[in-house]
Each structure stands twice: as structure tokens, then as C-alpha cells.
Amino acid sequence: MKFNNTDFDTYFKNYPNSDGFYGKYGGSYLPEELQAAMEEITSAYKTICKSRKFIAELRRIRQEFQGRPTPISHLQRLSDIAGNGVQLYVKREDLNHTGAHKLNHCMGEVLLAQYMGKKKVIGETGAGQHGVALATAAAYFGLECDIYMGAVDIKKQAPNVARMKILGARVIEVTQGLATLKEAVDAAFEAYAKEYKDAIYCIGSVMGPHPFPMMVRDFQAVVGVEAREQYLNMTGELPDVVVACIGGGSNSIGIFSGFLNDPVKLIGVEPLGRGPALGDHAASLTYGEEGIMHGFNSIMLKDANGEPAPVYSVASGLDYPSSGPEHAFLMDLGRVKYDVIGDEETIDAFFTLSRMEGIIPALESAHAVAYAMKLAKEMGKGSILINLSGRGDKDMDYVIEHYGIR
Ligand SMILES: *Cc1c(COP(=O)(O)O)cnc(C)c1O
């Protein structure tokens with residue numbers, strides 16, 4: 001199957017190119033001293049990712065420490081009520097150690113840091129999930145860990161802050177601007193510029209300057225590889241549609257990468273929040289325009305001055321004003337469709353999945369569930385595989401406080 005003359009057989013060989021571009025998106029736009037640091041990471045990664053020892057070590061860690069492969073579950077009861085004949089399945093990244101897909105790239109990134117002889121890892125976090133995953137990986141490998149986090153998110157995600165501290169990380173509060181993920185990224189970059197000789201920056205998604213979008217995709221590809229094989233074994237065929245939520249875009253690129261060359265429809269779901277007015281959502285691919293921020297070119301939401309716009313989503317892991325460059329590229333190619341779902345339907349899906357299937361999803365993942373339930377009604381037959389990127393324990397107090405029990 002071909003899409004706009006791009007043959008997905010050779011897609012991973014061609015994208016990104018050696019400068020980190022996916023078409024016009026991606027690249028590395030940084031001050032000179034950080035540019036050198038990125039080149040050091042790129043060249044170390046290019047060598048190490050082909051090393052048999054590195055690959056074997058990562059495979060062992062995934063199995064023995066993370067609990068991979070994570071299963072696929074058929075949502076029998078939810079399909080019966082919501083499916084209109086369509087069968088719904090979830091890839092259970094909520095069962096990955098620490099409760100989300102993010103540990104997949106953190107274990108890879110910190111293993112790389114160890115190979116490079118670094119003493120410290122630096123990261124930023126929104127929902128706290130990347131911070132917890134990075135702190136977990138740092139503890140596993142015995143490296144220091146500094147996590148930058150917006151003051152607003154620190155309040156909203158108290159259990160994850162406690163987790164990071166228990167795991168031995170330093171949590172550094174960021175109070176500038178809206179004090180959420182965007183400001184945390186700025187602060188973490190600033191710290192890294194001072195410490196890059198001894199430290200490595202570990203980005204929490206398929207964004208930032210090259211090589212991070214490529215590296216994080218490669219580490220998340222395990223989700224797609226497992227899911228394709230498991231789904232085939234389970235049903236004898238491929239799903240008609242694969243759905244995943246989009247923040248920076250790592251869990252989605254992970255599962256999509258397994259199906260790019262198949263006749264499977266891929267849909268990325270962005271958070272519409274309270275509605276389509278600027279400031280009320282974080283649907284950057286749907287409503288944004290091309291621009292450079294945080295060291296990479298992609299599609300982003302801009303304010304009147306062309307700066308990254310304020311964004312909002314009920315899921316703090318999705319409230320970022322841009323998405324990874326590869327998503328911008330896949331959108332232009334027409335290979336992946338991007339659509340939106342709002343807070344209200346997300347909260348409904350959060351409760352419905354919990355009640356019908358005994359799975360409490362992360363609010364981020366509940367966006368994908370809500371979208372799949374809506375799509376199932378329109379489709380009438382077929383199957384949808386949802387990437388359940390994480391579990392909802394971290395969101396329970398927030399949901400009950402703001403929405404009550406439904
Ligand atoms: C961080 C997070 C996301 C969003 O990040 P992506 O890079 O888009 O995957 C989604 N789900 C969960 C559970 C998260 O923690």
C-alpha cells in the first residue's frame with residue numbers, strides 16, 4: 001500500500017535524514033555549545049544502537065525489569081455496549097513498570113548515558129510520568145537525576161512528586177510563566193547548557209532537537225512490534241484502525257511504527273480541552289502552524305507574538321504547544337490522521353473503561369479510548385486497537401475533586 005508516493009518499506013531508513021529532518025520538520029536549532037552536546041549524543045547513539053551488547057542488554061531489561069511484553073486485552077464488555085459491532089482492543093502500556101509507556105524510552109536513554117560515562121540525567125516533566133520513569137531508570141543504573149517541573153503540575157501531581165523523591169531524584173520547581181510543562185522544558189535546557197559535560201538531557205517524548213525524536217521513536221517502537229505480532233496471533237488479522245493519544249507523540253509513534261507499512265488506518269488524538277479557542281486546548285497539529293521552539297521545527301500553537309501559546313488539557317501529559325516533527329511530517333504525507341476529543345468525553349471514557357473493564361486509564365489515554373468509542377459508533381463493523389499509554393492512579397484524586405463520581 002502506498003501513500004502519496006512514499007514507500008513505507010524504506011521509511012525508517014530514509015527518515016529522519018542524517019541532519020535529523022523528516023521532510024522540512026525536525027532538525028536541531030540550538031546555541032553552539034548545546035549543538036556540540038547533541039552531536040556527541042547522536043554519534044554515541046548511532047554506534048551503540050547497532051551494538052549487540054546494547055541491544056541484548058535492553059532486551060533483558062525490558063523482560064526482567066519492565067515486565068515486557070505487555071499484553072493486548074480484548075474489551076469484550078465495552079465492545080458490546082459501545083462498539084456497535086466493532087471490536088475494541090487495548091495495548092496495555094498501563095502494565096509497563098511505573099504504569100506508562102515512558103519507561104520504554106527512559107531505560108534506553110539512561111542505558112545510553114551509562115555507555116557514554118555520564119554521571120547525571122536531567123529531565124523535565126508535566127504529568128510527572130516522565131519524571132517518575134526517568135527517576136526509576138536513574139535509580140536502576142545508579143545515576144544522579146534532576147527533574148524540572150512546573151509549580152502548577154507539582155500541586156496537581158503530588159503522588160508522582162513523592163515517587164520521584166523516594167526514587168532519589170531532585171525535583172526542581174519552576175515558577176516562571178504558566179509554571180507548567182513548557183516552562184519546565186526551558187529551565188531544564190538552561191541547566192543542561194551548564195552541565196552537559198557530566199550530564200545528559202533525557203527528553204520525555206519524540207520532540208526536541210535531533211537525535212531525540214529519532215531515538216525516542218526507536219525505543220518506543222517495541223510497542224508497535226509487540227502489538228502487531230500479538231494482534232495477529234490473537235485474531236489472525238490486523239486491526240482496521242489503530243488509535244493513540246498525542247502529547248509530544250511518543251506512545252503514538254511507538255504503536256504506529258509497527259503498522260506504517262500495513263493497510264491499517266492510523267489516528268492520533270489531540271486534546272481539545274474546553275474547546276477550539278486558543279488557550280482552551282492543546283491540539284497543536286490540528287490548529288497550529290509551522291514554527292521552531294525548544295530546538296526543533298514542527299507544527300505549533302502560537303500566540304499573537306509568534307511565541308508558544310498557552311495551552312490547556314485536563315491531562316497534564318498532553319498540554320504542550322507542539323508535537324514531534326515526525327507527526328507533522330506524517331500528517332503532511334496523509335499517512336496518519338489527526339483529530340481531537342474534548343475533556344467531557346474523556347472523563348466519560350475514564351469512568352466507562354473503569355466500570356466496564358476494570359481498567360482505570362490515565363486521562364491522557366482516556367482521550368484515545370473516548371475517540372475509539374465515538375469512532376466505533378460511526379464504523380459499524382471492524383476493529384480498533386487503542387494504545388492504552390498509562391494507568392490512571394495518578395489522576396484519581398483530581399478527577400474526583402473536579403468531576404465527582406459519575
Ligand atoms: C506523557 C504521557 C502521554 C503523552 O506523551 P506522548 O509522548 O504523546 O506519548 C500519554 N499518556 C501517558 C500515560 C503519559 O504519561
Side-chain angles (χ1 to χ4, degrees), residues 100 102 122-135 146-164 169-192 201-208 245-251 270-275 277-285 287-288 291 293-296 298-303 305 307-324 340 342-343 346 362-367 389-390 394-395 397-399 401-402:
K102 287 200 177 76
I122 295 174
E124 83 293 327
T125 197
Q129 292 293 96
H130 176 56
V132 168
L134 193 57
D146 283 357
I147 303 291
Y148 292 80
M149 190 168 186
V152 169
D153 290 331
I154 287 183
K155 263 214 197 92
K156 206 165 149 190
Q157 307 290 348
N160 274 343
V161 174
R163 268 181 207 114
M164 286 183 263
R170 267 205 318 157
V171 179
I172 298 150
E173 184 175 19
V174 179
T175 53
Q176 285 92 333
L178 289 179
T180 60
L181 183 60
K182 185 180 85 63
E183 292 79 18
V185 176
D186 289 335
F189 258 111
E190 224 168 90
Y192 180 51
Y201 190 111
C202 293
I203 290 180
S205 189
V206 284
M207 55 191 200
C245 67
I246 310 257
S250 66
N251 85 85
E270 295 199 293
L272 187 60
R274 296 182 286 248
L278 195 66
D280 279 349
H281 65 83
S284 41
L285 293 163
Y287 295 109
M293 64 178 268
H294 295 148
F296 66 107
S298 186
I299 296 177
M300 59 187 264
L301 292 166
K302 295 178 188 174
D303 65 14
N305 303 319
E307 294 296 310
V311 287
Y312 160 82
S313 164
V314 69
S316 41
L318 303 182
D319 64 359
Y320 185 69
S322 184
S323 288
V340 294
D343 283 359
T346 297
L363 284 177
E364 291 82 3
S365 326
H367 282 76
S389 53
K394 69 185 176 59
D395 298 312
D397 291 346
Y398 182 83
V399 168
E401 192 188 326
H402 290 83

With side chains defined as the heavy atoms from C-beta onward, is the minimum distance between His402 and Val314 less than 4.5 Å? no

Hey, does Cys245 have a side-chain heavy atom less than 4.5 Å from the side chain of Asn251? yes

Tyr287 pairs by side chain to side chain contact (heavy atoms under 4.5 Å, CB included) with which of Ile299, Leu272, Leu278? Leu272

Using side-chain heavy atoms (C-beta onward) and a distance below 4.5 Å, is Glu190 in contact with Tyr148? no

Would you say Asp397 has more than 12 foreign heavy atoms packed within less than 6.0 Å of its CG? no

Residue pair Gln176 / Asp186, side-chain heavy-atom distance below 4.5 Å: no

Ile172 side chain reached by Ile147 side chain, heavy atoms, under 4.5 Å: no

Does a side-chain heavy-atom distance below 4.5 Å link Met300 with Pro308? yes

Salt-bridge contact Lys394-Glu364 (side-chain N to carboxylate O under 4.0 Å): yes

To the nearest 0.5 Å, atom CD of Glu183 lies from atom OG1 of Thr180 at 4.5 Å

Distance-only side-chain donor-acceptor flag, Asn160 / Gln129, under 3.5 Å: yes

Value for CG (Leu181) from OG (Ser316), rounded to nearest 0.5 Å, stands at 9.0 Å

Point-to-point distance, once rounded to the nearest 0.5 Å, from CG of Asp146 to CG of Leu134: 10.0 Å

Thr125 side chain to Gly131 main-chain N or O, any donor-acceptor pair under 3.5 Å? yes

Side-chain touch Ser323/Ser284, heavy atoms, less than 4.5 angstrom: yes

Rounded to the nearest 0.5 angstrom, the CG-OG distance for Leu318 and Ser313 is 4.5 Å

Regarding Glu124 and Tyr201, do their side chains bring together a donor and an acceptor under 3.5 Å, going by distance alone? yes

Within the side chain of Asp395, is there an N or O that forms a donor-acceptor pair under 3.5 Å with the backbone of Leu363? yes

Heavy-atom side-chain proximity of Ser205 to Tyr320 below 4.5 angstrom: no

Would Met293 and Lys302 satisfy side-chain contact (heavy atoms from CB on, under 4.5 Å), going step by step from the backbone distance to the final call? CA-CA 10 Å; Met293 64 178 268; Lys302 295 178 188 174; over 6 Å; no

Determine whether the aromatic ring centres of His281 and Tyr312 lie less than 6.0 Å apart. no

Any donor-acceptor N/O pair, Ser365 side chain to Gly390 backbone, under 3.5 Å: yes

